[in-house]
There are 2 protein chains.
Amino acid sequence: MRKRFHKDVSVVVTIKEVAKEANVSISTVSRVLNKSGYTSEKTKEKVLNAVKKLNYQGSLVAAAMKKKQTLTLGLIIPDIKNIFYSDLTRTIEDRANSHGFNIFLCNTDNNLQKEAEYIHLLIAKGVDGIIFSSPEVDDGNIEELKENYPELPVVILGGKFPKLILNEVVVDNVDGAYKAMGHLLDLGHKDIAFIGGDPETYASVERHKGYKMALNERGIQVKDDYVIFDTFYIQSGYENAKRLLQKNDRPTAIFAVSDSIAVGVYKAARELNIRIPEQLSVVGFDDSQYAEILYPMLTTIRTPIKEMGQRAIEIMVKAIKEKQIIKETVLFYPNLIERESTMAIEADHPKK
Amino acid sequence: MRKRFHKDVSVVVTIKEVAKEANVSISTVSRVLNKSGYTSEKTKEKVLNAVKKLNYQGSLVAAAMKKKQTLTLGLIIPDIKNIFYSDLTRTIEDRANSHGFNIFLCNTDNNLQKEAEYIHLLIAKGVDGIIFSSPEVDDGNIEELKENYPELPVVILGGKFPKLILNEVVVDNVDGAYKAMGHLLDLGHKDIAFIGGDPETYASVERHKGYKMALNERGIQVKDDYVIFDTFYIQSGYENAKRLLQKNDRPTAIFAVSDSIAVGVYKAARELNIRIPEQLSVVGFDDSQYAEILYPMLTTIRTPIKEMGQRAIEIMVKAIKEKQIIKETVLFYPNLIERESTMAIEADHPKK
DNA sequence: ATGAAAGCGCTAACAG
DNA sequence: CTGTTAGCGCTTTCAT
C-alpha cells in the first residue's frame with residue numbers, strides 16, 4: 001500500500017469542497033462561476049451560497065493551466081526609476097488591470113543579457129503577451145522571441161522592427177527633434193549642441209537624425225564636437241553639459257534628448273554661473289514631471305505617453321482575444337511645449 | 001468514441017516530447033532539470049541535448065500547480081509615478097528577481113476598494129507573498145487578508161499592525177520629523193508650518209506627531225492653522241503653501257511631509273516672490289530624486305528606501321522558504337540631509 | 001440542467 | 001539510477 005501523504009495543511013478551499021457543500025458536481029460549480037453553460041437559478045444560488053460560506057477563491061493558476069491563459073502580461077522597461085517609464089508603467093498597469101490583466105514588471109537597465117533572462121522567465125510563467133518599451137535598435141532578443149514563439153502577442157513601444165510581425169506604438173522622434181531644433185533656430189541660435197542618451201537607442205538615433213536634418217535645412221554645419229551620446233541619466237547630462245559649456249566656443253543652446261538629461265544641463269549651467277535662458281537656451285524631450293519642477297521651467301517636446309500606453313494595451317488585448325498575430329503600427333506625433341528655458345539669441349547673449 | 005479535439009496548434013514543447021526525444025521517462029527529465037534525485041551523467045546529457053534541440057522551456061505554471069509555489073510576489077503601492085515608490089519598487093524588483101521571484105505591480109491610489117480587489121486577484125493567482133507599502137492606518141483589507149490566509153507571508157513597509165502576525169519594515173517617522181523640526185528650531189524658527197499628505201497615512205500622522213513633539217519640547221504653541229493635511233501630490237503642496245504664505249502671519253519655515261509636497265512649496269514661493277531660503281526655509285522628507293533637482297537644493301530627511309526594500313525582500317524570502325509565519329519588525333532611522341533650503345532666521349528675514 | 005471523466009504539464013512518492 | 005503513477009485544481013467535452 002502506498003504511504004499516506006503527510007496531510008496537506010493548506011487551508012485553501014477548492015472547487016471540490018464547494019461542490020460538496022452545495023451538493024452539486026464540480027462542473028456545475030465551474031459553470032456558475034464562469035457563467036458558462038446552463039444552470040438553474042436554484043443551483044446557481046446554492047453554489048453561490050456555498051462559495052460565500054466557504055469564502056472560496058478560485059485558483060487562476062489551475063484555470064490558467066487548462067485555458068492556457070494566465071491573464072498576465074510582461075512589461076519590459078529599462079528602469080522604473082526613470083520618470084518616463086514610471087508614467088508609462090502606471091498607464092499600462094491601469095489599462096491592463098481594467099481588462100483583467102496583471103503586470104509582471106521587469107527592469108533591464110538596457111542590458112540585453114538581463115532582458116533575455118526576463119523573456120525566458122516570462123515565457124515559462126506563461127504570460128499572454130509581452131510589452132517592450134524602448135528596446136535597443138536591432139534587439140536580437142526580440143527577434144529570437146518572435147522566432148521561437150511566433151504566436152505570442154508582442155507590442156513594442158518606441159521601437160521599430162520592420163521585419164518582424166509584431167505591433168509597434170511609436171512616436172515620431174525625428175519630427176520631435178526637428179520641432180525642438182526649429183524652435184531654437186527660429187530664436188536665432190546657430191551653435192546648438194546635442195546631448196543624446198544611450199547610442200543604441202531609438203530615441204537617441206532618431207532624435208539625432210532630426211537634429212541634423214534641421215541644421216542641414218538651414219545650411220548650418222553640424223559640428224562634431226557638439227554632438228554627444230552617453231546615457232539618459234541626469235549625471236550624464238551634467239557631465240557632458242559641463243564639458244560643453246567650458247569650451248571656448250560654447251554653444252548658445254543645448255538640445256537634450258530627454259528631460260532627465262536637461263536636468264543635468266541645468267545643474268552644470270548653475271555651477272558655471274551660466275543663466276538659463278539668458279545665456280543658454282535648453283530644450284528637453286518627454287515633458288516629464290521634471291519639466292515643471294525645474295526652474296526656469298523647461299521647454300520640451302511632449303511625448304504622449306498616456307495615449308501611447310493606452311493604445312499599447314488596446315492592441316495587446318485585441319491580439320490576445322482575437323488570437324491573430326498581425327502587424328499593427330501606430331504613430332504618434334510629439335509637440336513642442338514652450339516654457340521658460342529658451343530665449344531669442346539677439347535679446348541678450350553676453351557670450352557673443 | 002470521444003471526438004478528437006481540434007488539434008491544438010500550440011507550438012509549445014512539453015516535458016513529454018523532451019522525454020521522447022531523449023528516450024527517457026518524463027520523471028527523468030524532471031529530475032535532471034530540477035537537479036533533484038540521481039541521474040547518470042549519460043542520461044543527463046541526453047536530456048540536456050534534447051532540451052536544447054527542442055528549445056524546451058518548462059512551464060512554471062504547471063510546476064506551480066504541483067509545488068504550490070508560483071515564485072511571484074505581489075507588490076501593492078499607492079502610485080508608481082510617485083518617485084518614492086518607483087525607487088522602492090526598483091529595489092524590490094531587483095532583489096526579488098535575484099531570488100527568482102517576479103513582481104506583480106499593483107497601484108491602489110490609496111483606494112481601499114481597489115486594494116481589496118488586487119488582494120483577491122493576487123490570491124487567486126497564487127502569489128507566494130504580498131508586500132504592502134504605505135498602507136493606511138488600520139487598513140481593514142490587511143486584517144481580513146490575514147484572517148483568511150494566515151499562512152500567507154506578508155510584509156508591510158511603513159505601517160504597523162501590532163495585532164497581526166506579519167512582518168513590518170518601518171522607518172521611525174516621528175524621529176524623522178523631530179529631526180527636521182530640530183534643525184529648523186535650531187536655526188531660530190518659531191513659526192513653522194506643517195504640510196502633511198493624506199491624513200489616514202502613517203507617514204502623515206507620525207510625522208505630525210514628531211512635529212508637535214519638537215514644538216512642545218521647546219515650549220512653542222502649535223498653531224492650528226499652521227497644520228494642514230491633504231495629499232502627497234505636488235499640486236497639494238503648491239495650493240496649501242500658497243494659502244499659508246499669503247497669510248498675514250505667514251510662517252518663516254515649512255516642514256513638508258514629503259519631497260513632492262516640498263516641490264509644491266517651492267512653486268508657491270516662487271510665484272509669491274518669496275525667496276528660499278532667505279525668506280522661507282523648507283525641509284522635505286524622503287530624500288528623493290527631487291531634492292537635488294530643486295533649486296536651491298532641498299534639505300530633507302533621508303529615508304533609507306533601498307535598505308528597507310532590500311530588507312523587506314529578505315524577510316519575505318525567508319518566510320517563504322522556512323514556511324513559518326512569525327512577526328518580525330525592523331526599524332530604520334532616518335536622518336537629516338542638509339542642503340540649501342534652510343537658513344538661520346536671524347541672518348536676514350525680511351518678513352520680520 | 002447536471003454529472004463523469006479526461007486531461008492541462010508538471011513533480012514526487014514509490015517500486016523496481 | 002530510472003520508470004510508473006497519482007495527483008495539483010480547474011475547464012470542458014460528452015453523455016445523461
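Chain letters run A, B, ... following the sequence lines, proteins first, then strands; residues in each count from 1.
Protein atom CE of M65(B) is 13 Å distant from nucleotide atom P of dG7(D), rounded to whole Å. Rounding to whole angstrom units, NZ of residue K67(B) and P of dG9(C) are separated by 18 Å. Counting to the nearest Å, the P atom of dC10(C) and the CG atom of L33(B) are 9 Å from each other. Atom CD in E41(A) sits roughly 10 Å away from atom P in dT2(C) (whole-Å rounding). We find that CD1 of I15(B) is positioned 13 Å from C1' of dC8(C), with the value rounded to whole Å. Taking atom OH of Y38(B) as the reference point, atom C1' of dG16(C) lies 16 Å away to the nearest angstrom. Summarising the geometry, the separation between CG on N34(A) and P on dT11(D) is reported as 4 Å, rounded to the nearest angstrom. At whole-Å resolution of the value, CD1 in I123(A) and P in dG9(C) are 15 Å apart.
Nearest to the side-chain atoms of K66(A) among the listed nucleotides dG7(C), dG9(D), dT11(C) stands dG7(C). Residue Y56(A) places its side chain closer to dC10(D) than to any other of dC10(C), dC10(D), dC8(C). Residue A62(B) has its side chain nearest to dG9(C) when only dT11(C), dT11(D), dG9(C) are considered.
Within a heavy-atom distance below 4.0 Å of DNA chain C, the residues of residues 24-31 of chain A found are V24(A), S25(A), S27(A), T28(A), R31(A). Of the residues in residues 43-55 of chain B, not one comes within less than 4.0 Å of DNA chain C through any heavy atom.
Legend: residues meeting side-chain contact (heavy atoms from CB on, under 4.5 Å) with A124(A), ordered by chain and number and at least two apart, are Q57(B), L60(B). Taking K16(A) as the reference, T14(A), I26(A) meet the side-chain contact (heavy atoms from CB on, under 4.5 Å) condition, with sequence neighbours excluded. Under the side-chain contact (heavy atoms from CB on, under 4.5 Å) criterion, I326(B) pairs with Q324(B), sequence neighbours left out. By the side-chain contact (heavy atoms from CB on, under 4.5 Å) test, T91(B) is found to be paired with R95(B), K306(B), residues two or more places apart in sequence or in another chain being considered. Shown here are the side chain to side chain donor-acceptor pair (under 3.5 Å) partners of S30(A), two or more places apart in sequence or in another chain: N34(A). Here F104(B) pairs with F104(A) under the ring pair (Phe, Tyr, Trp, His ring centres under 6.0 Å) rule; sequence neighbours left out. E307(A) meets the salt bridge (charged side-chain N to carboxylate O under 4.0 Å, His left out) test with R302(A); sequence neighbours excluded.
In the helix from dA1(C)-dT16(D) to dG16(C)-dC1(D), the rotation axis of the first five pairs and that of the last five pairs differ in direction by 40°, rounded to 10 degrees.
A close approach under 4.0 Å does occur between a side-chain nitrogen or oxygen of S40(A) and OP1 or OP2 of dT2(C). Look at K68(B) and you'll find a side-chain N or O under 4.0 angstrom from OP1 or OP2 of dG9(D).
The ring pair (Phe, Tyr, Trp, His ring centres under 6.0 Å) pairs that include a residue from residues 111-153 of chain A number zero, where partners must be two or more places apart or lie in different chains. Counting only residues at least two apart or in different chains, salt bridge (Lys or Arg N to Asp or Glu O under 4.0 Å) contacts with residues 109-124 of chain A comprise D109(A)-K114(A), D109(A)-R90(B).
Looking only at atom types and distance, the side chain of S86(B) has no donor-acceptor partner in the side chain of T89(B) under 3.5 Å away.
Between the side chain of N111(B) and the main chain of Q113(B), a donor-acceptor pair closer than 3.5 Å is present. Y85(B) places no side-chain N or O within 3.5 Å of a backbone atom of P78(B) that could act as its donor or acceptor partner.
Contacts of G37(A) with the nucleic acid, taken as non-hydrogen atoms under 4.0 Å apart, are absent.
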